[in-house]
K.L.:
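Handing you a structure now.
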Protein chains: 2
Amino acid sequence: MQLDEFDRKIIAALREDARMPVAQVAERAALSATPVSRRIKRLEDEGVIRGYAPVLDPRKLGLELEAYVLINLNAHIDENIARFEQAIAENPHVIACHAVTGDMDYLVRVMARNVEHLSQITLRTLLRIPGVRDVKSIIVLETVKETQPVPLD
Amino acid sequence: MQLDEFDRKIIAALREDARMPVAQVAERAALSATPVSRRIKRLEDEGVIRGYAPVLDPRKLGLELEAYVLINLNAHIDENIARFEQAIAENPHVIACHAVTGDMDYLVRVMARNVEHLSQITLRTLLRIPGVRDVKSIIVLETVKETQPVPLD
DNA sequence: TATGAAATAATATAGTT
DNA sequence: AACTATATTATTTCATA
């Protein structure tokens, strides 16, 4: 699938505000409302736009502490991997999890209320998943930048 | 600021689809449209909801490669920090950057088109920022989980 | 102080050219 | 793709608990 300049401008406008009226998006894309409405629908149908989400302020929701937890499994058998990934899926405080290259197997991003809460998530949940050998925590001191995943040149 | 059960249900509904009609959000929260509309406005005004963004598919936009880059500065003087953070702000392929605890100073999340592009971002951009001593890249092999930042228990 | 119902205003979408 | 008409949807008003 190929995006043209109109599509890019539409997406750029929606990234500023996904609830921006179509007429206003149209203005930015130098187009009228009708084709913008149709293009947005097309982008949704083709899966370029998967959906829309509110951008929430973690602090205002009582989530003051953020960490990246690097995890090693001790035996890379399918059963361990499946159990690990299920535990990750079930925990709402795990907001991202990637299988990665390097010394560690997984990089897990966690949002917690405070140190005690993070400790509970790490020690009582992550470290107790069968097959998990080792965890290393990297605490976030300050968030310098955070945009929605996916840049648009 | 204190969120009640209604607010939580409203946020949960919007997290599924931030463009869901108010009437439908109201149904989920067991409320009518009027208070839901007002509560959403209140959550926006108070900064709990910062805005709305489309959820995009990186692959459909030609971004096939993702990495976390750990960075060390060689002298933690204000000038270096300022220059580093400005370079980060300017680069659209850096989608997140945190100052962190541990061996490294910063954790930077990068989205690139391919290995060559990642290499260019890392070697020609990040490593050339004055004050940057060392970078270690962790390549994402597979994304097991990715939700919008901020869980809501 | 917050809600629900109804009226109004804003906005999105479908039909037509 | 644009213009116009129609249909959705959001928001304001007002009465009420």
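Just so we're on the same page: letters track the sequence lines, and every chain starts at 1. Worth saying up front: this structure is predicted, and the values here are computed from it rather than measured.
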K.L.:
So does Arg59(B) have more than 12 non-hydrogen atoms from other groups sitting under 6.0 Å from CZ?
P.N.:
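Open.
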K.L.:
Expressed in angstrom and rounded to an integer, what is the separation of Glu27(B) atom CD from dG4(C) atom C1'?
P.N.:
15 Å
K.L.:
For the residue pair Arg15(A) and Pro54(B), establish whether any side-chain heavy-atom pair is separated by less than 4.5 Å.
P.N.:
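Yes, side chains in contact.
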K.L.:
Could you check whether any side-chain heavy atom of Cys97(B) comes within less than 4.5 Å of a side-chain heavy atom of Thr143(A), counting everything from C-beta outward?
P.N.:
no
K.L.:
Looking at Arg39(A), I'd like to know whether one of its side-chain N or O atoms comes within less than 4.0 Å of OP1 or OP2 on dA1(D).
P.N.:
yes
K.L.:
Does a side-chain heavy-atom distance below 4.5 Å link Val110(A) with Asn91(A)?
P.N.:
no
K.L.:
Tyr106(A) and side-chain contact (heavy atoms from CB on, under 4.5 Å): which single residue from Val69(A), Val135(A), Ile71(A) fits?
P.N.:
Ile71(A)
K.L.:
Distances under 3.5 Å only, N/O to N/O: pair up the protein atoms with those of nucleotides 15-17 of chain D.
P.N.:
none

K.L.:
Where do N or O atoms of nucleotides 12-17 of chain C meet protein N or O atoms at under 3.5 Å, pair by pair?
P.N.:
unit_1: dA12(C); atom_1: OP1; unit_2: Val22(A); atom_2: N; d: 2.9
unit_1: dA12(C); atom_1: OP2; unit_2: Val22(A); atom_2: N; d: 2.8
unit_1: dT13(C); atom_1: OP2; unit_2: Ser37(A); atom_2: OG; d: 2.6
unit_1: dA14(C); atom_1: N6; unit_2: Thr34(A); atom_2: OG1; d: 3.3

K.L.:
Which parts of residues 10-17 of chain A get close to DNA chain C, meaning a heavy atom less than 4.0 angstrom away?
P.N.:
none
K.L.:
Indicate whether any N or O donor in one side chain lies under 3.5 Å from an N or O acceptor in the other, for Glu44(B) and Tyr52(B).
P.N.:
yes
K.L.:
In whole Å, what is the span from the CD1 atom of Ile40(B) to the C1' atom of dT12(D)?
P.N.:
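After rounding, the reported distance stands at 16 Å.
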K.L.:
With a 4.5 Å cut-off on side-chain heavy atoms, are Arg42(B) and Asp7(B) touching?
P.N.:
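Touching, per the 4.5 Å side-chain cut-off.
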K.L.:
Strictly distance-based, threshold 3.5 Å: is any side-chain N or O of Lys145(A) a donor or acceptor partner for the main-chain N or O of Ala96(B)?
P.N.:
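No; judged by distance alone, with no hydrogens or angles, the pair does not exist.
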K.L.:
Might you confirm whether atom CD of Glu85(A) has over 12 heavy atoms from other residues, nucleotides or ligands at distances under 6.0 Å?
P.N.:
yes
K.L.:
Under a 4.5 Å cut-off applied to non-hydrogen side-chain atoms, are Leu31(A) and Arg39(A) in contact?
P.N.:
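Yes; the side chains approach each other to less than 4.5 Å.
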K.L.:
What is the distance, rounded to the nearest whole Å, between atom CG of Leu31(B) and atom P of dT1(C)?
P.N.:
19 Å
